Amino acid sequence: MNTTSLDLAGRRALVTGASRGLGRHIAILLAQHGARVALHCRAVEHPARLIADHLPGKGHAVVTADLADLDQAAALPGRAAAALGGLDILVNNAGIYERMPAAGEDLVRWRDLWERTIAVNLTAPALISAAAVPLLAERQGYIVNVSSRGAFRGEPEAPAYGASKSGLNALGQSMAVALARRGIKVITVAPAWVETDMTRDYLASPEGDQIRAQFPGGQVVDPDDLAWTVLLAVSGRADALTGAVIDLNSASYLR
Ligand SMILES: NC(=O)c1ccc[n+]([C@@H]2O[C@H](COP(=O)([O-])OP(=O)(O)OC[C@H]3O[C@@H](n4cnc5c(N)ncnc54)[C@H](OP(=O)(O)O)[C@@H]3O)[C@@H](O)[C@H]2O)c1
């Protein structure tokens with residue numbers, strides 16, 4: 001056994017939301033360690049295709065699905081497995097953050113944002129996971145869910161987001177128990193602020209200093225820290241992580 005490196009040679013991974021942000025970092029790192037990766041994006045293939053074309057190794061794929069459409073979500077693992085010739089690793093990373101009207105104001109918009117956020121951030125990963133289970137290689141299968149610090153700290157301006165991520169934590173823990181006998185591991189990672197398209201405007205605004213002040217070290221989370229944690233989780237070197245919800249928040253919130 002190679003004791004010095006994390007080796008995913010021969011493993012096939014679907015990473016949702018891999019066209020940019022954290023999903024892009026995760027997809028690149030998994031490919032750098034030998035995995036063949038299906039990069040998922042919503043509708044416009046070009047950015048994900050550009051990333052796929054520059055990944056090391058061969059046989060990577062791009063798959064589109066709007067996760068607000070739950071039929072498209074459920075079909076995604078089958079399409080990724082068809083493109084890769086099987087599936088060993090699922091990373092449920094795609095997600096949206098939408099500020100909502102204050103409770104009691106504009107109930108129509110509040111409900112619309114609630115339903116859309118729960119669909120994309122919780123129902124879609126649940127369906128994708130359920131659809132992936134029969135495909136995931138027995139004893140080698142991994143599901144990693146990308147949650148958020150907001151599941152614990154609260155999201156007063158985006159309660160649907162906080163609720164969706166709390167639900168994702170509970171989903172991952174339940175599935176870890178349910179799938180343990182089949183050898184499928186389920187791990188959840190819960191980052192705090194990372195600079196991506198989702199957060200760039202907030203971090204660049206006057207609010208940015210208040211956000212950075214939440215971090216004792218003065219800096220938000222490095223996207224590579226998240227990607228390396230996902231890599232370790234699916235590497236076969238730390239399978240006792242199954243069922244865990246791993247904080248990646250640079251001591252900005254202790255629970
Ligand atoms: N950034 C942070 O500070 C932070 C903190 C905690 C947790 N997270 C979580 O980390 C994950 C990744 O966040 P990020 O910051 O990398 O976000 P991002 O830069 O905004 O990227 C979002 C990704 O999700 C995809 N996506 C969004 N809506 C979709 C839909 N309806 N159907 C299919 N795909 C969709 C996007 O695809 P397209 O490019 O095709 O639109 C994109 O690839 C999310 O689950 C987020 O909640 C992020």
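Atoms within a ligand are numbered from 1 in the order they appear, just like the ligands themselves. Every value quoted in this text rests on a predicted model; they were computed, and no experiment measured them. In what follows, every heavy atom counts, from backbone to side chain, and hydrogens, waters and symmetry copies are set aside.
- For atom 7 (C) of ligand 1, the nearest non-hydrogen atom of the protein is S147 O, 3.1 Å.
- Atoms of ligand 1 lying under 4.0 Å from at least one heavy atom of W193, given by number and element, are 3 (O).
- Summarising the geometry, atom CG belonging to D225 is positioned 11.5 Å from atom CG belonging to N249; distances are rounded to the nearest 0.5 Å.
- Taking atom 22 (C) of ligand 1 as the reference point, the nearest protein heavy-atom neighbour is G95 O, 3.9 Å.
- The aromatic ring centroids of W228 and H33 lie less than 6.0 Å from each other.
- With ligand atoms numbered from 1 in the order given, ligand 1 contributes 6 (C), 7 (C), 8 (N), 9 (C), 46 (C), 47 (O) to contacts under 4.0 Å with heavy atoms of Y161.
- The closest non-hydrogen atom to atom 1 (N) of ligand 1, taken over L76, N92, V194, L168, comes from V194.
- Proximity of L67 to ligand 1, defined as any heavy-atom pair under 4.0 Å, is shared by backbone and side chain alike.
- The protein heavy atom nearest to atom 6 (C) of ligand 1 is P191 O, 3.2 Å.
- Using a 4.5 Å heavy-atom cutoff, the side chains of S164 and W114 are not in contact.
- Side-chain contact check for R149 versus P191: every heavy-atom pair is 4.5 Å or farther apart.
- Proximity of K165 to ligand 1, defined as any heavy-atom pair under 4.0 Å, is confined to the side chain (atoms from C-beta onward).
- Residue-ligand proximity, H40 to ligand 1, at heavy-atom distances under 4.0 Å covers atoms 33 (C), 34 (N).
- If you number the atoms of ligand 1 from 1 as listed, the ones under 4.0 Å from a heavy atom of A65 come out as 32 (N), 33 (C).
- Checked by atom type, the side-chain pair R12/Q140 shows no donor-acceptor distance below 3.5 Å.
- Atom CZ of R20 is separated from atom CG of D197 by 5.0 Å, given to the nearest 0.5 angstrom.
- Among all non-hydrogen protein atoms, the one lying nearest atom 39 (O) of ligand 1 is S19 OG, 2.5 Å.
- Short contacts between ligand 1 and I96, defined as distances under 4.0 Å to a heavy atom of the residue, involve ligand atoms 27 (C), 28 (N).
- Residue V120 has no N or O atom closer than 3.5 Å to an N or O atom of ligand 1.
- Within a 6.0 Å sphere centred on CZ of R200, heavy atoms belonging to other residues, nucleotides or ligands number more than 12.
- Taking every non-hydrogen atom of A94 and a distance limit under 4.0 Å, the qualifying atoms of ligand 1 come out as 24 (O), 25 (C), 45 (O).
- Residue A190 does not touch ligand 1, judged by heavy-atom distances below 4.0 Å.
- Nearest residue to atom 44 (C) of ligand 1 from V146, N93, D66 is N93 (criterion: closest heavy atom).
- Two residues are said to be in side-chain contact when any heavy atoms from C-beta on lie closer than 4.5 Å; S129 and N92 meet this criterion.
- For atom 30 (C) of ligand 1, the nearest protein heavy atom (residue, atom name, distance) is R42 CD, 3.3 Å.
- Considering backbone and side-chain atoms alike, G17 places an N or O below 3.5 Å from some N or O of ligand 1.
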Output, in order, the C-alpha distance, side-chain angles, deciding distance and verdict of side chain to side chain contact (heavy atoms under 4.5 Å, CB included) for T188 and I246. CA-CA 6 Å; T188 306; I246 304 171; over 6 Å; no

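- A continuous path of ILVMFWY side-chain contacts below 4.5 Å connects Y142 to V146, so both sit in one hydrophobic cluster.
- Distance from atom 5 (C) of ligand 1 to its nearest protein heavy atom, with residue and atom name: A192 O, 3.2 Å.
- For ligand 1 and T196, the ligand atoms under 4.0 Å from any heavy atom of the residue are 1 (N), 14 (P), 15 (O), 16 (O), 19 (O).
- Contact atoms of ligand 1 toward G21: 16 (O), 19 (O) (distance under 4.0 Å to a heavy atom of the residue).
- What sits closest to atom 13 (O) of ligand 1 on the protein, heavy atoms only, is M198 CE, 3.9 Å.
- For atom 48 (C) of ligand 1, the closest heavy atom belonging to the protein is L22 CD1, 3.8 Å.
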Check the pair V230 / L29 against side chain to side chain contact (heavy atoms under 4.5 Å, CB included), numbers first and verdict last. CA-CA 9 Å; V230 173; L29 197 67; over 6 Å; no

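- Side chain to side chain, S147 and N169 meet the donor-acceptor criterion of an N or O pair below 3.5 Å.
- Between the choices H25, R24, R20, R116, the shortest heavy-atom distance to atom 20 (O) of ligand 1 belongs to R20.
- A salt bridge links D247 and R255; the closest N-O separation between the charged side-chain nitrogens and carboxylate oxygens is under 4.0 Å.
- Counting heavy atoms under 4.0 Å from ligand 1, residue A124 does not touch it at all.
- Heavy-atom neighbours of Q219 CD from other residues, nucleotides or ligands within 6.0 Å: at or below the threshold of 12.
- At a threshold of 4.5 Å between non-hydrogen side-chain atoms, the residues V245 and I187 do not count as touching.
- Contacts between R149 and ligand 1, counted as non-hydrogen atom pairs separated by less than 4.0 Å, are absent for every part of the residue.
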